[in-house]
Colleague: 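One structure, pasted below without further comment.
Just so it is clear, the values below take in all heavy atoms, side chains as well, and ignore hydrogens, waters and symmetry mates. When a ligand or atom number is given, it counts from 1 through the structure's own listing order. Counting from 1, the numbers follow the sequence of the chain as shown.
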Amino acid sequence: MHIAIVGNIGAGKTTLANKLAHHFNWEVFLEDVDHNPYLKDFYDDMPRWAFHLQVYFLNSRFRQTQHIKKLQSASKGVIQDRTIYEDAHIFAANLHQSTLMSERDYQNYLGLFESMISMVDPPDLLLYLRADLPKLVQQIERRNRDYENNIKIEYLKNLNEHYEHWISNYKSGRLLIVDVNNLDYVHNPEDLSVIIDKINSTLFGLF
Ligand SMILES: Nc1ncnc2c1ncn2[C@@H]1O[C@H](COP(=O)(O)OP(=O)(O)O)[C@@H](O)[C@H]1O
Ligand SMILES: Nc1ncnc2c1ncn2[C@H]1C[C@H](O)[C@@H](COP(=O)(O)O)O1
């Protein structure tokens, strides 16, 4: 079983991924953030580092999918924090649309993505955490990563629009949308139970 958690920056993916992995006793795959050699530079100068960052994330995410595939074939459960789909359909598409990535770099990137995606299996369940801008801003501030302090509201808004568009067209497997605006699964165990019940119901027909 493979559950992938998707959603905007600060939506609560990593927190939920760890809690679900603990609950189901499955392996968790997190994003390569702390050792990412481009992320800080990217936030300082997006046009300069957009392509480099996207190629880095794409490769890191692709390796992760191949590792997940091996665990899947050994019948191990996996929770994944963000997917390769979001790199291309959300982040790279948004950078291109916002003219922060050139046409030439975007086409080059897409060629690479297309070559890789045929080797990627979709998750058994895509769990989208839908969060409005105030929730995202509050949680990004709470996390307090220095390089994210200057993220513009406009950037988050554009990403949210890409998420909504992508999710409304997602046809590769089971999809569960959870509105997290009024959920606090950090402090309220009942809020975590609400999500776990929805997952059990979607995946196993329980409840
Ligand atoms: N539903 C929630 N309610 C309250 N706080 C949350 C919730 N989800 C996440 N947080 C807090 O918000 C911050 C960002 O969450 P995180 O899981 O790192 O988001 P993401 O991985 O989606 O970027 C963390 O400090 C986390 O403890
Ligand atoms: N593909 C990406 N392009 C740009 N930025 C990205 C990409 N994937 C992740 N990020 C950024 C967004 C955040 O600042 C960190 C971690 O993501 P998070 O949603 O907080 O887990 O990396």
Colleague: Strictly under 4.0 Å, does any heavy atom of Gly7 approach an atom of ligand 1?
Modeller: no
Colleague: Which pair of non-hydrogen atoms, one from Lys13 and one from Asn8, has the smallest distance, and what is that distance?
Modeller: NZ-O, 3.0 Å
Colleague: Indicate, as side chain, backbone, both or neither, the part of Glu148 found under 4.0 angstrom from ligand 1 when only non-hydrogen atoms are considered.
Modeller: neither
Colleague: Ignoring angles and geometry beyond distance, decide whether Ala11 reaches within less than 3.5 Å of ligand 1 through its nitrogen or oxygen atoms.
Modeller: yes
Colleague: For ligand 1, which is the ligand I care about here, please tell me if Gly10 has any N or O atom under 3.5 Å from one of the ligand's N or O atoms.
Modeller: yes
Colleague: How are the rings of Tyr56 and Tyr38 set to each other: parallel, tilted or perpendicular (split at 30° and 60°)?
Modeller: perpendicular
Colleague: Using a strict 4.0 Å cut-off to heavy atoms of Leu183, name the atoms of ligand 1 that fall inside it.
Modeller: 1 (N), 2 (C), 3 (N)
Colleague: Compare all side-chain heavy atoms of Leu127 with those of Leu16 and state whether any distance is below 4.5 angstrom.
Modeller: yes
Colleague: Among protein heavy atoms, which sits nearest to atom 21 (O) of ligand 1, and what does the distance come to when rounded to 0.1 Å?
Modeller: Thr14 OG1, 2.7 Å
Colleague: Salt bridge or not between Arg61 and Asp87? Use side-chain N to carboxylate O under 4.0 Å.
Modeller: yes
Colleague: Please check this pair: side chain of Lys152 against backbone of Lys157, looking for a donor-acceptor N/O pair closer than 3.5 Å.
Modeller: no
Colleague: For the backbone of Thr14 and the side chain of Asn18, can you confirm whether one donor and one acceptor N or O come within less than 3.5 Å of each other?
Modeller: yes
Colleague: According to a 4.5 Å side-chain heavy-atom criterion applied to Ile, Leu, Val, Met, Phe, Trp and Tyr, with indirect links allowed, do Val180 and Ile3 form part of one hydrophobic cluster?
Modeller: yes
Colleague: Please write down residue, atom name and distance for the protein heavy atom closest to atom 7 (C) of ligand 1.
Modeller: Gln139 OE1, 3.0 Å
Colleague: Between Glu114 and Tyr109, do the side chains contain a donor N or O and an acceptor N or O under 3.5 Å apart?
Modeller: no
Colleague: May I have every N or O pair linking ligand 2 to the protein at under 3.5 Å, one per line with atom names and distance?
Modeller:
from: ligand 2; atom 1: 1 (N); to: Gln54; atom 2: OE1; distance (Å): 3.0
from: ligand 2; atom 1: 1 (N); to: Asp87; atom 2: OD1; distance (Å): 2.7
from: ligand 2; atom 1: 3 (N); to: Gln54; atom 2: NE2; distance (Å): 2.7
from: ligand 2; atom 1: 8 (N); to: Arg61; atom 2: NH2; distance (Å): 3.3
from: ligand 2; atom 1: 14 (O); to: Tyr43; atom 2: OH; distance (Å): 2.6
from: ligand 2; atom 1: 14 (O); to: Glu148; atom 2: OE2; distance (Å): 2.5
from: ligand 2; atom 1: 17 (O); to: Glu31; atom 2: OE1; distance (Å): 3.0
from: ligand 2; atom 1: 17 (O); to: Arg82; atom 2: NH1; distance (Å): 3.0
from: ligand 2; atom 1: 19 (O); to: Lys13; atom 2: NZ; distance (Å): 2.7
from: ligand 2; atom 1: 19 (O); to: Arg82; atom 2: NH1; distance (Å): 2.9
from: ligand 2; atom 1: 19 (O); to: Arg82; atom 2: NH2; distance (Å): 3.1
from: ligand 2; atom 1: 20 (O); to: Arg143; atom 2: NH1; distance (Å): 3.0
from: ligand 2; atom 1: 20 (O); to: Arg143; atom 2: NH2; distance (Å): 3.1
from: ligand 2; atom 1: 20 (O); to: Arg145; atom 2: NH1; distance (Å): 3.3
from: ligand 2; atom 1: 21 (O); to: Glu31; atom 2: OE1; distance (Å): 2.4

Colleague: Distance under 4.0 Å to a non-hydrogen atom of Gly12: what atoms of ligand 1 satisfy this?
Modeller: 8 (N), 9 (C), 15 (O), 16 (P), 17 (O), 19 (O), 20 (P), 22 (O)
Colleague: Could you work out, with salt bridge (Lys or Arg N to Asp or Glu O under 4.0 Å) as the rule, every residue matching Arg48, not counting sequence neighbours?
Modeller: none
Colleague: Just say parallel, tilted or perpendicular for the rings of Tyr163 and Phe91, cut-offs at 30° and 60°.
Modeller: perpendicular
Colleague: Can you tell me the protein heavy atom closest to atom 18 (O) of ligand 1 and the distance?
Modeller: Arg143 NH1, 2.9 Å
Colleague: Hey, do the aromatic rings of Phe113 and His89 have their centres closer than 6.0 Å?
Modeller: yes
Colleague: Would you call the rings of Tyr170 and Trp166 parallel, tilted or perpendicular if under 30° counts as parallel and over 60° as perpendicular?
Modeller: perpendicular
Colleague: For Glu148, is there an ion pair with Arg143 - N to carboxylate O distance below 4.0 angstrom?
Modeller: yes
Colleague: Is the shortest distance from a heavy atom of Gln138 to ligand 1 less than 4.0 Å?
Modeller: no
Colleague: Please could you name the atoms of ligand 1 that Lys13 approaches to less than 4.0 Å, counting only its heavy atoms?
Modeller: 17 (O), 19 (O), 20 (P), 21 (O), 22 (O), 23 (O)
Colleague: Which residue and non-hydrogen atom of the protein lie closest to atom 25 (O) of ligand 1, and at what distance in Å?
Modeller: Arg142 CG, 3.8 Å
Colleague: When you measure from atom 27 (O) of ligand 1 to every protein heavy atom, which one gives the shortest distance, and what is it?
Modeller: Val186 CG2, 3.7 Å
Colleague: Report the nearest protein non-hydrogen atom to atom 26 (C) of ligand 1: residue, atom name, distance rounded to 0.1 Å.
Modeller: Thr15 OG1, 3.5 Å
